[in-house]
Amino acid sequence: MEQRRGEMWALMCFLLLNWVSNVSSLSVTVTDVECVYEYVLYEGDTVSGNFVVVDHDIFWSSDHPGIDFIVTSPGGNIIHSLKGTAGDKFEFSAQRSGMYKFCFHNAYTTPETVAFHIHIGHIPSEQDLAKDEHLNPINVKIAKLREALESVTAEQKYLKARDTLHRHTNESTRKSVIGYTVGEYILLVAASVLQVFYIRRLFSKSVAYNRV
Amino acid sequence: MLAMKRDSNVPKAMTISPSLFVMLLWALSTAPVGDAIWLNLPKTGTKCVSEEIHSNVVVLADYVVVSVDDGQTAPVAVKVTSPYGNDLHHRENVTYGRFAFTTEEAGNYLACFWSDNHSSATGEIVVNIDWKTGIAAKDWESVARKEKLEGVELELRKLEGAVEAIHENLLYLKSREVEMRSMSETTNARVAWFSIMSLGTCIVVSGLQVWYLKRFFQKKKLI
């Protein structure tokens, strides 16, 4: 039993020492509160990411409070808080390892779709180099390169989400232009036809002849 | 799309059995660049995550149910739909699984989870989803075996793959920007034309009105 537990822990440690870095890129629909949890394995890791409110009601007026974004540490402290925004980037260094909670709060009842991207980057430090003989300094450089490439990928995902948002706005504008213009023409013609009928009625014989 | 409860509990003290933790770590480590988020499933209603993916992209996802109370894992049902409504993966009463597909159409791919109400689990069910698309879903083990790479060479090959993916993404963003620019310019031209046409229609209609009324009054011998 003891030996089996030892083996299990050895396997876990081996897997932990593998390079593990998390990248999340998904969308959720936020009706009231939506929380996403990610596990940070090493203390000192950089947690970076961005989010964009993609599907918001096109008639979002300027006094809409926006979406709040709150990051809570495993200890329950609020590390990062962005209020009333339609999309932003964030980055912080994780002080401790554990389960971090990323929450989106929606003040209004209309559901909003939020596309988010969370990345947890780990660069082996000198202590890790000393502990594990499989790592050599080139792994540190490779990890730094990888982090730089991840930041470019994150920026691209942000741009893609914003592109989606602008496309929704554009398509809604296009539909509005056609709809409102055709409606305007019909109303114009209907109003003038009604005017003509009304004036005819004013001069009709059934009403008093010279009343007007 | 879903009925959601207000989130109030943080799964703080989780007693996960070592074997489950190992399985989780295995799921996290077999594909170094992946997506592993934890979601809280409410007791009733579904929780969905979606991603807008363009066509011809490999999607690979693993999901594991992690329960918060007394080590029991409650079964969930999962359904993955394509933007056209086709069912790509549908399982009921499972605690873990994996699905993989290559996207055929561009659009919003939706993965929905809901709890199968057969269990008497008291707490909220926590699901760990490992969602990888594109370059992150690439099987580096088989590439390493085929080309006999290891260590630093393999890492550099992964970096090369990441750079290629960035380049592809950039070209894709550029094509999207071209589409959007043409749409904006069309809309701009349309607004100008329709405003002029509306002015023209106004003038024509009022001209017709005046002509008709003049004829009407002349017929009635009022003018």
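Order of the sequence lines sets the chain letters (A, B, ...), proteins ahead of strands, with each chain counted from 1. Values below: every heavy atom of this structure, side chains too, minus hydrogens, waters and symmetry copies.
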**Student:** Please work out which of the three classes, parallel, tilted or perpendicular, describes the rings of B:Y63 and B:F99, given edges at 30° and 60°.
**Tutor:** tilted

**Student:** Mark yes or no for whether A:Y185, through its side chain, and B:S198, through its backbone, hold a donor-acceptor pair below 3.5 Å.
**Tutor:** yes

**Student:** Please work out whether the ring planes of A:H80 and A:F69 are parallel, tilted or perpendicular, with thresholds of 30° and 60°.
**Tutor:** perpendicular

**Student:** Distance only, no hydrogens: is a donor on one side chain within 3.5 Å (strictly under) of an acceptor on the other, for A:H117 and A:N50?
**Tutor:** no

**Student:** Which answer fits B:L173, side chain, backbone, both or neither, if we ask what part of it has an atom under 4.5 Å from a heavy atom of chain A?
**Tutor:** side chain

**Student:** Under a 4.5 Å cutoff for heavy-atom pairs, which residue among A:E171, A:R200, A:H166 has the most contacts with chain B?
**Tutor:** A:R200

**Student:** Find the one option among A:V36, A:D163, A:N136, A:I199 whose heavy-atom pairs under 4.5 Å with chain B are most numerous.
**Tutor:** A:D163

**Student:** Between atom CZ of A:F116 and atom NZ of A:K157, what is the distance when rounded to the nearest 0.5 Å?
**Tutor:** 12.0 Å

**Student:** Measure B:M183 against the heavy atoms of chain A and call it side chain, backbone, both or neither at under 4.5 Å.
**Tutor:** side chain

**Student:** Which of the residues A:L145, A:N139, A:L188 is involved in the greatest number of heavy-atom pairs with chain B at under 4.5 angstrom?
**Tutor:** A:L188

**Student:** Nearest 0.5 angstrom please: A:Y180 OH to A:L187 CG, how far?
**Tutor:** 12.5 Å

**Student:** Identify whether the distance between the nearest side-chain nitrogen and carboxylate oxygen of A:K144 and A:E147 falls below 4.0 Å.
**Tutor:** no

**Student:** Quick one about B:N40 and A:Y37 (side-chain donor to acceptor, distance below 3.5 Å, no hydrogens or angles considered), yes or no?
**Tutor:** yes

**Student:** Side chain, backbone, both or neither: which part of A:Y100 has a non-hydrogen atom closer than 4.5 Å to chain B?
**Tutor:** neither

**Student:** Where does A:T181 contact chain B at under 4.5 Å (heavy atoms): side chain, backbone, both or neither?
**Tutor:** side chain

**Student:** Return yes if some donor-acceptor pair links the side-chain N/O of A:S27 with the main-chain N/O of B:S50 below 3.5 Å, else return no.
**Tutor:** yes

**Student:** Looking at A:R174, is its backbone amide N or carbonyl O close enough to the side chain of B:T187 to form a donor-acceptor pair, meaning the two atoms are under 3.5 Å apart?
**Tutor:** no

**Student:** If I measure from the heavy atoms of chain B, does A:L159 come under 4.5 Å with its side chain, its backbone, both, or neither?
**Tutor:** both

**Student:** Name the member of B:T186, B:L39, B:L170 that forms the most heavy-atom pairs with chain A at distances under 4.5 Å.
**Tutor:** B:L170

**Student:** Can you tell me which portion of A:E184 sits under 4.5 Å from chain B's heavy atoms? Options are side chain, backbone, both or neither.
**Tutor:** side chain

**Student:** Between B:Y172 and B:H54, what is the ring plane arrangement, given parallel below 30°, perpendicular above 60°, and tilted in between?
**Tutor:** parallel

**Student:** If you check every heavy atom in residues 204-212 of chain B against those of chain A, which residues fall under 4.5 Å?
**Tutor:** B:V205, B:Q209, B:Y212

**Student:** Is B:L213 in contact with chain A via its backbone, its side chain, both, or neither, using a 4.5 Å heavy-atom distance?
**Tutor:** side chain

**Student:** Which one, A:I142, A:V182, A:V193, leads in non-hydrogen pairs under 4.5 Å with chain B?
**Tutor:** A:I142

**Student:** Evaluate the ring planes of B:F216 and A:F203, with Trp represented by its six-membered ring, and classify them as parallel (under 30°), tilted (30 to 60°) or perpendicular (over 60°).
**Tutor:** perpendicular

